[in-house]
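The model shown is predicted, which means the values in this text are computed figures rather than measured ones. Both ligands and their constituent atoms are indexed starting at 1 by order of listing.
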Amino acid sequence: MNPEFKEMEQDLAKVMFDRNDIEEMLVRLGREISDAYRESVKERKLILIGVLKGSVVFMADLMRHINLPLEILFLQATSYGAGTVSCGRVQISMELDKALVGGADVILVEDILDSGRTLKKLTEYIADSGAHSVKICTMLDKPARRVADIQTDFKGYEVEDEFLVGYGLDYNEIYRNLPYIGVLKRSIYEA
Ligand code: IMP
Ligand code: MG
């Protein structure tokens with residue numbers, strides 16, 4: 001492990017996915033996405049839309065594993081207050097210029113699919129914008145907590161119901177810059 005991250009590491013119960021696991025995931029997802037859109041990009045734009053802020057690290061690495069011409073955009077949605085459980089109300093806090101996605105194949109890129117409320121809302125929002133298609137790529141999937149009827153099309157890893165941080169995932173906005181994914185100690189958020 002990188003000694004520079006000692007301070008944040010103390011707050012982890014364990015490392016869940018290390019840099020090698022992440023690289024393996026990026027190669028696999030990059031290949032799956034490239035295969036799925038290889039023909040359609042000859043006719044339509046492919047746009048990756050990252051959901052701020054949790055997807056930025058993943059998105060930056062993932063796009064460099066997709067061997068096709070593509071564009072990127074970002075959206076922001078908020079449902080979490082301070083804490084580890086979503087409040088359930090999803091708000092789009094940064095919108096898109098809808099003209100940019102009209103007729104395009106869109107992949108929504110998100111850090112984690114949890115209750116699914118965020119991606120349910122964003123998928124509908126993109127579909128309403130006149131996109132040709134909307135698919136979902138998430139780094140992690142926590143099926144145990146699903147409330148909304150939604151699945152991920154391109155999935156990194158499936159995880160248990162534990163609170164994870166790092167590689168974009170935060171707790172109260174901290175830990176996003178950890179270069180791997182860990183389980184946050186309960187004592188940190190149950191204090
Ligand atoms: P959903 O709408 O409940 O699916 O919420 C998804 C959002 O909740 C994600 O984009 C994350 O920001 C956040 N989230 C869910 N589970 C975790 C976790 O284990 N660690 C950090 N953030 C999480
Ligand atoms: Mg978050």
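- The distance from ligand 1 to the heavy atoms of K142 drops below 4.0 Å at these ligand atoms: 16 (N), 17 (C), 18 (C), 19 (O).
- Heavy atoms of L140 come nearer than 4.0 angstrom to ligand 1 in no pair at all.
- Heavy atoms of L169 found under 4.0 angstrom from ligand 1 belong exclusively to the side chain.
- In this structure, E162 has a heavy atom closer than 4.0 Å to ligand 1.
- The pair K53-D111 does not meet the salt-bridge criterion, since no charged nitrogen lies less than 4.0 angstrom from a carboxylate oxygen.
- Counting the atoms of ligand 1 from 1 in the order shown, those under 4.0 Å from a heavy atom of D111 are 9 (C), 10 (O), 11 (C), 12 (O).
- Taking the ring axis of Y157 as reference, the NZ or CZ atom of R28 stays within 45° of it and closer than 6.0 Å to the ring centre.
- Inspection of the H65 and E32 side chains reveals no N or O donor paired with an N or O acceptor under 3.5 Å.
- Residues D105 and I47 fail the side-chain proximity criterion, which asks for heavy atoms closer than 4.5 Å.
- Using a 4.0 Å cut-off between a side-chain N of Lys or Arg and a carboxylate O of Asp or Glu, K185 and D11 do not qualify as a salt bridge.
- Not close to ligand 1: V165, with no non-hydrogen atom less than 4.0 angstrom away.
- For K120, the closest heavy-atom approach to ligand 1 does not fall below 4.0 Å.
- Compare A77, G116, G166, A148 by their heavy atoms: the one nearest to atom 4 (O) of ligand 1 is in G116.
- The distance from ligand 1 to the heavy atoms of T118 drops below 4.0 Å at these ligand atoms: 1 (P), 2 (O), 5 (O), 6 (C).
- The residues E160 and K142 are annotated as not salt-bridged, no charged nitrogen and carboxylate oxygen being separated by less than 4.0 angstrom.
- With respect to the salt-bridge test (charged N to carboxylate O, under 4.0 angstrom), the residues E124 and K121 do not qualify.
- For ligand 1 and R117, the ligand atoms under 4.0 Å from any heavy atom of the residue are 2 (O), 4 (O).
- Both cation-pi conditions hold for K98 and Y125: the charged atom is under 6.0 angstrom from the six-membered ring centre and inside a 45 degree cone around its axis.
- Ligand 1 places these atoms under 4.0 Å from at least one heavy atom of S115: 1 (P), 2 (O), 3 (O), 4 (O).
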